[in-house]
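Here is the structure we will look at.
Chain identifiers are assigned alphabetically (A, B, ...) following the order of the sequence lines, protein sequences preceding nucleic acid strands; residue numbering begins at 1 within each chain. The figures that follow rest on heavy atoms only: side chains count, while hydrogens, waters and symmetry mates do not.
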Number of protein chains: 2
Amino acid sequence: MGATVIDVAKIAGVSRTTVSNVFNGRAKCSEETREAVLSAAKQLGYTPNMAAKSLVTNQSHLIGLLLPSYVDNNTLTGSPFYNIILDGMYSVLREDEYYDLMIFCIPPQRVLQDVSAWMDMRNVDGIIAVGEYERSFLDELDGRGIPVVLVDNYALNGWGHFSYLNSDDTRGGYLATKHLIARGFRSIALCTSTLDSPISHKRYEGYRQALQEAGYQEIVLEKIHTPFEGGLALGEEAIQQQVDAAFCTEDMIAVGVMNALLRKGVRIGQDFGLVGFDNLNISAQVYPGLTTIDQNIFAKGAIAAKTLLDILKNDALQGSRFILPVVLVERESA
Amino acid sequence: MGATVIDVAKIAGVSRTTVSNVFNGRAKCSEETREAVLSAAKQLGYTPNMAAKSLVTNQSHLIGLLLPSYVDNNTLTGSPFYNIILDGMYSVLREDEYYDLMIFCIPPQRVLQDVSAWMDMRNVDGIIAVGEYERSFLDELDGRGIPVVLVDNYALNGWGHFSYLNSDDTRGGYLATKHLIARGFRSIALCTSTLDSPISHKRYEGYRQALQEAGYQEIVLEKIHTPFEGGLALGEEAIQQQVDAAFCTEDMIAVGVMNALLRKGVRIGQDFGLVGFDNLNISAQVYPGLTTIDQNIFAKGAIAAKTLLDILKNDALQGSRFILPVVLVERESA
DNA sequence: CTGAAAGCGCTTACAG
DNA sequence: CTGAAAGCGCTTACAG
């Protein structure tokens with residue numbers, strides 16, 4: 001609130017250097033000195049000022065979290081995915097009170113340049129970036145020289161400061177489609193926003209592979225929109241095309257499809273098989289429950305944070321690529 | 001990235017004071033000097049370092065956001081409420097690139113003392129606190145001398161640095177219950193986690209008032225749990241008690257109740273009337289759609305942020321109390 | 001309209 | 001094991 005290292009030094013009867021040393025465990029010092037400093041600090045309610053500390057050490061202990069934009073600008077609201085991944089990150093950061101997260105939601109109008117200036121201004125020690133970004137922006141990120149953890153980004157290697165974290169998207173698509181086939185469905189559509197997104201494309205590849213193995217035909221239904229609303233439209237489409245099952249590349253799309261079908265009186269699980277991807281809370285909350293691919297988003301957030309912290313503390317190397325396993329969670333929809 | 005005020009001064013051929021003046025619009029200066037400084041800054045890619053700035057001005061341009069704990073520690077995942085309110089806050093902060101948010105999720109084990117030290121360390125300029133807190137912690141918050149905006153907190157007045165933001169919870173409870181009565185339901189339960197929470201209690205008061213006016217009996221069903229799981233149990237309870245309608249104090253509870261009832265073959269909307277509170281996205285995504293009380297959470301977040309910024313800029317006074325209107329959104333569940 | 005000097009609260013070689 | 005001194009990048013009276 002006000003006490004500085006000088007106040008503590010005065011009361012403890014030592015120099016500021018010693019106070020600093022005690023707090024940072026730098027130089028050895030006698031046990032008495034240590035205790036004198038600590039008790040003086042406690043008495044004064046002393047807390048080191050990060051701004052001052054940051055200025056001299058050039059470490060802000062701040063992590064920048066980059067989140068992609070959404071159609072309607074409300075990144076967080078758009079999908080529960082972000083909640084969960086944030087909770088995962090905080091679960092790790094909490095144990096390391098030292099590091100704080102600063103979120104940069106990047107809406108379409110906000111030029112990436114602004115974001116860059118922002119990171120300069122706050123002097124972030126590291127970055128976690130979720131989703132896909134322009135190549136030139138990635139170049140710039142890498143150019144900062146600080147560690148970056150990329151989550152759900154399928155950019156190829158070649159940068160020195162990036163580490164990658166993905167789910168096994170292809171396998172997820174494969175497992176989902178295999179399950180629908182095993183359940184006896186024969187006309188299985190893929191419902192997605194757009195296959196232009198690398199992540200959707202990976203999931204599509206798994207879908208295609210499973211269909212090929214079974215000798216079935218692929219039916220790709222795309223609809224660019226916010227996930228739920230897109231799903232609503234895709235549900236109508238699925239009925240028109242007379243497919244009897246769908247693998248959706250996101251749970252929220254599946255929830256939209258389900259809603260559209262229930263409205264038409266289709267019995268989900270019997271007449272129509274539906275599998276999502278993510279295992280968001282909502283997939284267990286709708287009725288009938290949604291069968292889906294669990295990608296453990298919470299762990300993803302935790303691992304992203306852990307990876308970055310380890311690199312910052314020189315406990316890990318940059319450049320790793322980590323792929324999280326996925327698993328099918330069977331509920332009532334297929 | 002590296003350029004300092006000195007580098008800029010050198011290139012522009014002026015003193016650091018002048019550079020600082022130009023950037024902060026402090027003293028008047030000739031147009032030529034201004035341009036020289038600006039172009040030098042641009043050339044060098046200069047961005048003022050917040051840590052240094054903060055150290056001398058004693059303003060961090062950091063806002064601390066306090067979020068309450070959840071049963072399972074995963075604050076954000078627990079309810080989509082937080083997404084939306086965050087989006088609302090960011091919508092305001094984005095226009096004011098200068099301010100950043102730092103989130104403090106407060107799980108049960110994290111002593112409030114730690115949080116306090118944290119705010120000291122980061123030297124936050126202001127605080128937004130969502131939910132209820134211990135009286136002693138509120139005392140301490142007020143004692144910091146920085147502005148605090150309390151959201152969904154029903155603590156009484158008496159502190160000098162607090163401003164309050166609430167929804168019209170009582171009216172919401174009243175509207176919801178009135179609606180169920182008008183729909184012809186006669187045995188209307190209130191489903192909630194606990195009436196010990198002031199916010200639930202306010203909603204309960206509206207419920208009670210409406211019932212009294214109609215001469216109906218109140219039936220309070222409580223279940224302390226995460227909202228959805230609690231709702232599941234409350235749904236069972238509602239069937240046993242043979243009530244024919246329920247007003248739930250949160251949408252997520254209502255979603256749980258709905259799930260439990262659908263599972264028993266109850267036709268929601270016809271056999272059973274259900275009204276929630278919040279108007280989360282999920283209330284429009286489940287089938288049948290959930291009738292609910294809209295409290296415009298996005299606006300709540302935006303207003304909270306705006307209120308704090310205005311106070312920080314001396315454009316507004318502390319101590320205001322703002323109550324947001326609520327409105328009933330009719331869907332299919334009642 | 002512009003600049004020299006002091007200082008914000010801390011850490012970091014360096015000397016003792 | 002401990003301390004005096006310089007310095008991190010900025011702003012702020014104050015003088016001119």
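- Pair assignment for dG16(D): dC1(C), on the basis of Watson-Crick or G-U wobble contacts that are both within less than 3.5 Å.
- Contact annotation for S54(B): no contact, since no heavy-atom pair falls under 4.0 Å across all strands.
- One atom, CG of N58(B), and another, P of dC10(C), lie 12 Å apart when rounded to the nearest Å.
- Atom CG in N24(B) sits about 11 Å away from atom P in dC10(D), given to the nearest Å.
- In this entry the distance linking CG of N123(A) with P of dG9(D) reads 10 Å, nearest Å.
- Contact annotation for F23(B): no contact, since no heavy-atom pair falls under 4.0 Å across all strands.
- In this structure, R16(B) atom CZ and dG7(C) atom P are separated by 14 Å, rounded to whole Å.
- To the nearest angstrom, C1' of dT11(D) lies 10 Å from CG of L55(B).
- The phosphate of dT2(C) has neither OP1 nor OP2 within less than 4.0 Å of any side-chain N or O from T18(B).
- Ring geometry, H61(A) versus Y99(A): the interplanar angle falls from 30° to 60°, so the pair is classed tilted.
- Between K306(B) and D310(B), at least one side-chain nitrogen of the basic residue sits less than 4.0 Å from a carboxylate oxygen of the acidic one, meeting the salt-bridge criterion.
- Within 4.0 Å (heavy atoms only), T4(B) reaches sugar-phosphate atoms of the nucleic acid but no base atom.
- A donor-acceptor pair shorter than 3.5 Å cannot be found between the side chains of N123(B) and S60(B).
- One atom, CG of N49(B), and another, C1' of dG7(D), lie 14 Å apart when rounded to the nearest Å.
- Between I103(A) and L86(A), the closest side-chain pair of non-hydrogen atoms falls below 4.5 Å.
- Of the candidate nucleotides dA13(D), dC10(D), dT12(C), dA13(D) has the atom nearest to the side chain of T17(B).
- Atom CG of N21(B) and atom P of dC1(C) are 11 Å apart (whole Å).
- Each of V124(B), D100(B), I128(B) was scored for a side chain to side chain contact (heavy atoms under 4.5 Å, CB included) with I63(B), with one residue passing: I128(B).
- With rounding to whole Å, M50(B) atom CE is found 16 Å from dG9(D) atom P.
- Taking side-chain N and O atoms only, T57(A) has no distance below 4.0 Å to OP1 or OP2 of dT11(C).
- Two residues, S15(B) and V56(B), neighbour DNA chain C, and the one matched to the more 5' nucleotide by heavy-atom proximity is S15(B).
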